[in-house]
Amino acid sequence: MRSTRSILEPKPPEELPGEGFRKRQIAHWLYRRGARDFDEMTDLPRALRRELAENWRISEFELIQAFPSQDGSVKYLFTLKDGKQTEAVYLPYKDRKTVCLSSQVGCPVGCTFCATGALGFGRNLTPWEILDQLLAIAHHQGIPPTEIRNVVLMGMGEPLLNLDAVSAAVRRMIDKNALGMSPRRITLSTVGIPKGIRRLAEEDLGVKLALSLHAPDDETRKKIIPTAKAYPVEEIMDAVAEYFQKTKRRVTFEYVMLKGINDAPRQAREVARLIKDRRIVAHVNLIPFNPWEGAPVEGTPKAGIRRFAEILENEGIPTTIRWSRGVDVGAACGQLALKETPPAPLRFAPNAPNR
Ligand code: SAH
Ligand code: SF4
């Protein structure tokens, strides 16, 4: 088989193949219309379409499987060209359509409560593999890619450990000649790597930051997050404060509620202090633990979660409890673990016609 290059790689329209206005047409087909086959680009001359098909590829995936949840969200399992797999989730809401994208195959961090962490690390995804998750989902949902206005980088992997690729993918998402998304609607979630957070600030992408805090003290954090041994909470919080100062974007703190580990009232007050001391405009998302087979931890019961939220609110920190979606198909936060969960998946070729 001939080797091809990803058509998502060239910067649109200038670096795309073709002469003159043809470049713009190709960009339009790819990013606005969501074409998955060069033959769909019907206003291009046949010879150009043939040339494109010979030298370029649109899809980064060999196989795409979809697992629809009862609540409307859909988990996608992507088999990459090298046989490795990664996942993404489609989350339709009344007023918006969101996708949750992966940045790596598995994750090298290995948090105790996370099924992705238990998988170990496969490899970094390329920018085009990250971007193509969005395009492939739009295609299989039968909507133009531009209808997806919200992206959360909260799938498999730690995005700040693959920042070059993540940043290239995000640039393409916000590029007016590509997806033209607002960076304010792109959220990057990190386990907390101070150097990475500072670099993200320098990159000046304008994306929203979500920090997976999960505990206000190093002792607890180290028990559940291996990177906490290298990066103390105070250092992470300083980097987050810098990010906030630079972007003025409200920061989200994520906090998965684990029974008897991080759910004491004292810990809620400490979380509030960490945020208030640095005058970060923030919002806390309490995430009920999503169980997975073999997990060594348990979730805090509902009443405990509510009490924790109340303490934060009383301290003046806006707090929401984020009930995850897609739990029945293993699509919820921390459940992404490449399992072919029942009901039987719908299988698609990477360029199957729209449904
Ligand atoms: N690596 C990044 C992004 C992916 S994880 C990070 O850790 O932030 C996305 C979110 O899901 C994180 O806040 C993570 O802590 C949370 N999460 C992981 N496992 C979970 C589980 N079993 N239940 C609920 N949330 C979980
Ligand atoms: Fe990796 Fe995030 Fe899961 Fe931790 S929570 S193992 S950093 S994906």
Side-chain angles (χ1 to χ4, degrees), residues 75 86-89 91 98-125 130 133 151-163 165-166 186-194 196-197 200 207-215 220-231 236 239-240 243 251-259 261-263 271 283-300 302 305 320-328 330-339:
K75 176 167 95 165
T86 195
E87 297 180 333
V89 186
L91 299 148
T98 299
V99 288
C100 172
L101 306 181
S102 291
S103 55
Q104 298 181 312
V105 172
C107 181
V109 179
C111 303
T112 55
F113 50 83
C114 175
T116 305
L119 274 182
F121 181 52
R123 68 169 168 85
N124 279 334
L125 293 178
I130 298 170
Q133 294 169 48
V151 167
V152 292
L153 284 151
M154 292 189 188
M156 284 193 164
E158 169 45 48
L160 294 185
L161 292 179
N162 187 19
L163 186 51
V166 166
I186 301 173
T187 302
L188 184 150
S189 171
T190 175
V191 72
I193 296 167
I197 296 171
L200 186 68
V207 297
K208 276 174 58 180
L209 182 67
L211 177 77
S212 293
L213 184 62
H214 305 325
T220 311
R221 235 177 155 256
K222 278 184 204 165
K223 282 190 209 148
I224 50 177
I225 305 173
T227 49
K229 295 187 184 97
Y231 310 115
I236 298 171
V240 172
Y243 193 85
V251 175
T252 300
F253 288 91
E254 293 162 285
Y255 202 100
V256 56
M257 298 295 296
L258 303 172
K259 190 173 168 183
I261 298 178
N262 64 357
D263 56 357
V271 169
H283 164 258
V284 173
N285 251 335
L286 298 180
I287 317 174
F289 172 67
N290 293 312
W292 44 277
E293 216 180 294
V297 288
E298 264 182 82
T300 304
K302 273 187 192 168
I305 302 179
T320 45
I321 304 176
R322 190 173 77 197
W323 303 102
S324 291
R325 301 179 41 163
V327 179
D328 56 336
C333 290
Q335 287 188 319
L336 298 186
L338 308 174
K339 269 217 222 89

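Numbers here simply count residues along the sequence, with the first being 1. Ligands are counted one by one from 1 in listed order, and the atoms in each one are counted from 1 as well.
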- request: List every atom of ligand 2 that sits less than 4.0 Å from any heavy atom of Gly117, numbering the atoms from 1 in the order shown and giving each element.
  value: 6 (S)
message: For Cys111, which part has a heavy atom under 4.0 Å from ligand 2: side chain, backbone, both, or neither?
response: both
Ligand 1 contacted by Gly117 (non-hydrogen, < 4.0 Å): no
task: Mark up the atoms of ligand 1 that fall under 4.0 Å of a heavy atom belonging to Ser212, in ascending order.
output: 6 (C), 7 (O), 8 (O), 12 (C), 13 (O), 15 (O)
task: Apply the side chain to side chain contact (heavy atoms under 4.5 Å, CB included) test between Met156 and each candidate in Leu119, Leu101, Val105; give the one that qualifies.
output: Leu119
field: Proximal candidate to atom 4 (C) of ligand 1 [heavy atom criterion; set Ala118, Gly155, Pro291]
entry: Gly155
- prompt: Which of these, His214, Arg322, Glu254, has its nearest heavy atom closest to atom 15 (O) of ligand 1?
  reply: His214
message: Tell me which one of Thr220, Val297, Asp263 satisfies side chain to side chain contact (heavy atoms under 4.5 Å, CB included) with Leu258.
response: Val297
field: Distance-minimising heavy-atom pair for Pro159 and Leu153
entry: CG-O, 4.0 Å
- prompt: Which ligand 1 atoms are under 4.0 Å away from a heavy-atom of Pro288?
  reply: 24 (C)
- prompt: So which heavy atom on Thr116 is nearest to which on Gly157, and how close?
  reply: CG2-N, 4.0 Å
- line: Taken to the nearest 0.5 Å, the spacing of Leu211 CG from Asn285 CG works out to 12.0 Å
message: Quick check on side-chain hydrogen bond (donor to acceptor under 3.5 Å, both in side chains): which of Glu158, Lys208, Glu254 does Ser189 satisfy it with?
response: Glu254
message: So, regarding Pro159 and ligand 1 (criterion: nitrogen or oxygen to nitrogen or oxygen, under 3.5 Å), is there a contact or not?
response: no
- request: Check each atom of ligand 2 against the heavy atoms of Val191 and keep those under 4.0 Å away; list them by number with element.
  value: 7 (S)
Interatomic spacing from OG in Ser102 to CG in Asn162 - rounded to 0.5 Å: 11.0 Å
field: Trp292: numbered ligand 1 atoms lying under 4.0 Å from its heavy atoms
entry: 22 (N)
- prompt: What atoms of ligand 1 come within less than 4.0 Å of a heavy atom belonging to Gly157?
  reply: 1 (N), 2 (C), 3 (C), 4 (C)
message: Please give me the minimum heavy-atom distance between Ser212 and Arg221, naming the atom from each residue.
response: O-NH2, 3.0 Å
task: Pick one of side chain, backbone, both or neither for how Asn290 approaches ligand 1, counting any non-hydrogen atom pair under 4.0 Å.
output: both
query: If every non-hydrogen atom of Tyr255 is compared with every non-hydrogen atom of Asn262, which pair is closest and at what distance?
result: OH-O, 2.7 Å
- request: Check ligand 2 against Gly157 and write out every atom of the ligand that is under 4.0 Å from a heavy-atom position of the residue.
  value: 8 (S)
- prompt: Does any N, O or S atom in Cys107 come within less than 2.8 Å of atom 3 (Fe) of ligand 2?
  reply: no
- prompt: For ligand 1, is Gly192 a contact, meaning one of its heavy atoms is under 4.0 Å away?
  reply: no
query: Any idea which atoms of ligand 1 are less than 4.0 Å away from a heavy-atom of Cys114?
result: 18 (C), 19 (N)
- request: State the atoms of ligand 1, each with its element, that fall below the 4.0 Å cut-off from a heavy-atom position in Val256.
  value: 23 (N), 24 (C), 25 (N)
field: Positive for side chain to side chain contact (heavy atoms under 4.5 Å, CB included) with Val240, one of Leu213, Leu209, Thr190
entry: Leu209
message: Under 4.0 Å, heavy-atom basis, I'd like to know which part of Thr190 is in contact with ligand 1: side chain, backbone, both or neither.
response: backbone
- prompt: Atom CD1 in Ile186, atom OG1 in Thr98: separation rounded to 0.5 Å?
  reply: 11.5 Å
